[in-house]
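What follows is one structure encoded as structure tokens, with my remarks underneath.
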Amino acid sequence: MNRKTNGFKLFPTIFGILLLFPFFWMVSSSLKNGVEAFATPPTLLPKHPTLENYRNVFQILDMPRLFLNSIAVSATVVFLQLSTSAFAGFAFARLNFRGKNAIFMVYLATMMIPFQVIIVPLFIEMRQLGLIDSYLGLGLPMMVSAFGVFLMRQAMLAIPRELEEAAIIDGAGSFRIFIAIALPLCIPSLAALAILSFMSVWNAYLWPLVIIFSPEKMTLPLALSNLHGENLTDWPMVMAATTLAVIPIAIVYLVLQRQITQSFLTAGLKG
Amino acid sequence: MIRPKQGRTALLFIAPSFIPLLMFFVIPMISAGVISFTEWDLLTPPRWVGLANFQELIHDQDFLLSLRNTLLFILGYLPLVLILGLSAALALDRKFRGSNALRAAYFLPVITSWVIVALLWKWILNPNGGLVNSLLAQIGIQGPGWWTSKSWSMASVIIPSAWKDMGYVMLLLLAGLQSIPPEYKEAAAIDGASKRQILLKITLPLLTPALFFVLVISLINNFQVFDQIWVMTQGGPEGSTSVVVQQIVKNSFDYGHMGYASAMSMVLFVIIMLITGIQLRLQKRWVNYE
């Protein structure tokens, strides 16, 4: 019996170590000098650890600036997605108006539109608005999430009617009910949506690639992808850059692991 | 309690999302359809060409190759990610010491961006001095050219993709496994069923709705595959990893063929809608939520 449970644990553990090994290799490579990084047989840990690659990254890329860009764009988009979704979700869940179902169907339908399909007309639209190579052009198409509206509607539908009616008797208007009752009760859903939208904006690649050209406006993934050339790539330096980019996300993940996996699950099952 | 019409208030609540939704989703979607019937280089006014773009698509070797490559990618990626994700979910379904930590570890690649995953694996699969080929050299095997080789490039982009997505598949399947009432397995065990029988006769059949769901999501997502392939191979060598979205990007932003690229987008859209349609039809038969 005992032996069996041990064997059961061994396989997933070895598998987990293998699965995480690429991350270990990334950090290890980033600390090796150019000769050792390409050495055969490969060394597991750097024999002569060096921070030279990190120095090179900071010389080639304006890392603080890139981080700030990514943080600013992500934070703004998350804020906009949360507020637009909460407002609309409240209207669909708690307000009574003509055409409600038809309008909600439009939201549901847009959930099925793949971004890759509308990228060409979206680019043309941004060009006509004069928003190419600008943060407005980058962020505007991401400011609304139909999935977010759907999620917030679900959350707000679950609010007991008695709470709302008590507030109405106290003379509260819709806006007051939204702020004082609906929003506080929907914090778990708002948090899940915040995590999901942050991840998708922080990691976004195709749209930034299409719309942003100036190096000083680039987000982290875009600048990283420009680091490697066709033939001569300084891999230890690239690994130093990716390590720097992974660390903050890994820390956030360690702290919020349960919430993050839970929100991915929500997105998977409802989206 | 009959509530009064709240049209004006509703308008205020809905407008902040509805106007952007129209501007950045609905109008572009309709435009994509309209532009696909035109020839438009953005410099001169668009010219109506009817179905010409679509007729050209059927004979466009580059586009057909990209469709074939996308299918090939999915054919390699799907079994790999499903088997890995399913094994992980089955292994971690029961609680044991360290099972939560392992779940967290398996999920870490999921939250890493495609660009980082692609760069990392490009280095690991580097033909000269990359980890895999160096290890192969140790046991006397001359490793392949991976992403520099026409015959290995597809495998080189499939492996990192499955590595990154495996944790997500595991997460969804774990939720599916946990929704199976434990009584079924207990009853079977009392009747003397072996672990293997329980797995094959009870767990897997009851997991098919979740597996089907994962399959459909993966299909929809991976017909749109682009990021990791673009970073690793830019579609090369010799177009051996060029995919549909890359053809759209190339034709629109490199060649300025907006109409032609939109026609490709519409083909992609129809494929994805077909998969969604099949899912909606079969979902009623396969899946029972709650």
Side-chain angles (χ1 to χ4, degrees), chain A residues 9 11-13 16 19-20 22 25-26 29 38 40-42 84-85 87-88 90-91 95-98 103 107 110 112-114 116-118 120-122 124-125 140-141 143-144 146 149 165 174 199 203 205-206 210 221 224-225 228 235 238-239 242 245-246 249 253 257 260-261 264-265 268, chain B residues 1 3 5-7 9-10 13-14 16-17 20-21 24-26 28-29 31-32 35 42 91-92 96 98 102 104-108 111-116 119-120 123-124 126 129 131 134-135 137-138 168 171-172 175 217 224 226-227 231 245 248 252-253 258 261-262 265 268-269 272 276:
Chain A
K9 276 187 263 182
F11 161 72
T13 310
L19 208 64
L20 288 187
W25 191 246
M26 171 173 85
S29 301
F38 288 88
T40 41
T84 55
S85 301
F87 275 117
F90 181 79
L95 297 179
N96 187 17
F97 57 97
R98 212 153 40 129
I103 299 173
Y107 282 81
T110 57
M112 286 195 277
I113 299 176
Q116 275 80 343
V117 168
I118 56 170
V120 175
L122 205 53
I124 297 173
E125 196 178 335
L140 277 179
M143 72 172 277
V144 169
V149 173
E165 280 168 2
S174 296
M199 287 291 172
N203 292 336
Y205 182 59
L206 178 56
V210 165
L224 288 180
S225 76
H228 72 306
W235 283 110
V238 175
M239 289 302 106
T242 51
V246 163
I249 288 292
Y253 176 64
Q257 185 244 326
I260 288 174
T261 45
F264 270 81
L265 197 57
Chain B
M1 184 159 125
R3 288 181 295 173
K5 291 276 173 199
Q6 294 159 307
T9 321
F13 275 85
I14 286 179
S17 60
L21 194 78
F24 307 123
F25 289 89
V26 179
M29 186 64 236
S31 313
I35 297 171
L42 289 184
L92 296 186
F96 56 87
L102 281 177
Y106 288 15
F107 201 73
L108 189 59
I111 57 157
T112 313
S113 80
W114 278 116
V115 171
I116 291 173
L119 288 172
L120 172 53
W123 164 229
I124 289 175
N126 205 38
L131 176 64
S134 297
L135 289 178
Q138 288 305 291
Y168 189 49
L171 184 77
L172 292 174
I217 291 224
Q224 308 169 54
F226 175 77
D227 293 6
V231 175
V245 173
I248 296 173
S252 49
F253 304 115
M258 296 299 164
S262 295
S265 304
L268 181 63
F269 183 63
I272 289 169
T276 312

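Residue numbering restarts at 1 for every chain, and letters A, B, ... go by the order of the sequence lines. Atoms considered below: every heavy atom in the structure, side chains included; atoms not considered: hydrogens, waters and symmetry mates.
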Listed by chain and number, what are the side chain to side chain contact (heavy atoms under 4.5 Å, CB included) partners of Asn126(B), not counting sequence neighbours?
-> Phe38(A), Trp235(A), Trp123(B), Trp147(B)
Can you say whether Val117(A) sits under 4.5 Å from chain B via the side chain, the backbone, both, or neither, judging by heavy atoms?
-> both
Is Val144(A) close to Phe24(B) at the side-chain level, that is, under 4.5 Å between some pair of heavy atoms?
-> no
Do you know which of Ala10(B), Pro28(B), Ala261(B) has the most heavy-atom pairs with chain A at a distance under 4.5 angstrom?
-> Pro28(B)
Under a 4.5 Å heavy-atom cut-off, does chain B meet the side chain of Met26(A), its backbone, both or neither?
-> both
Which atoms of Ile111(B) come close to chain A, meaning under 4.5 Å heavy atom to heavy atom: side chain ones, backbone ones, both, or neither?
-> both
Most heavy-atom pairs under 4.5 Å with chain B, out of Ser85(A), Ala91(A), Pro141(A), belong to Pro141(A)
Does any N or O in the side chain of Gln6(B) come within less than 3.5 Å of the main-chain N or O of Asn96(A), such that one atom is a donor and the other an acceptor?
-> yes
If one checks every heavy atom of Tyr205(A) against chain B at 4.5 Å, the contacting part turns out to be both
Whatever's closer than 4.5 Å to a heavy atom in chain B on Gln257(A) counts as side chain
The interface call for Thr112(B) against chain A, heavy-atom contacts under 4.5 Å, is both
Side chain, backbone, both or neither: which part of Met112(A) has a heavy atom under 4.5 Å from chain B?
-> both
